[in-house]
Amino acid sequence: MKVKKIPQRMCTGCGEMKPKKELIRVVKNKEEEVSIDLTGKKPGRGAYICKNAECLQKSFKSKRLERNLETTISEEIYNKLKEEIMNEG
Ligand SMILES: [Zn+2]
């Protein structure tokens, strides 16, 4: 009997592995545009953050999110993410 594994991703804030569902995906597309992917299906390079403001702040401050996406994240994107997280919570 095999236990089905839930796909897990690492939060760029706290560094913990969590089920994808519990994380917000941030994606960078071919045009180098960074956006929030609520469907988890947008094409591009993705990074994950827990749905809480603390992890978002951490991942932003440590630049781990930027390094993960290999791009710079503007204040605007950060604020958008924050809004999204607040709405979710
Ligand atoms: Zn986290």
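Atoms within a ligand are numbered from 1 in the order they appear, just like the ligands themselves.
- The structure places CD1 of I85 at 4.5 Å from CD1 of I24, a figure rounded to the nearest 0.5 Å.
- Between K28 and E32, at least one side-chain nitrogen of the basic residue sits less than 4.0 Å from a carboxylate oxygen of the acidic one, meeting the salt-bridge criterion.
- D37 places a side-chain N or O within 3.5 Å of a backbone atom of K41 that can act as its donor or acceptor partner.
- Pairs engaging residues 11-63 under the ring pair (Phe, Tyr, Trp, His ring centres under 6.0 Å) rule: F60-Y78 [sequence neighbours left out].
- No donor-acceptor pair under 3.5 Å is formed between the side chain of K58 and the backbone N or O of R64.
- Excluding waters, the set of protein N/O/S atoms under 2.8 Å from the Zn ion (ligand 1) reads C11 SG, C14 SG, C50 SG, C55 SG.
- In this structure, R25 and K42 have side chains that are in contact, with non-hydrogen atoms separated by less than 4.5 Å.
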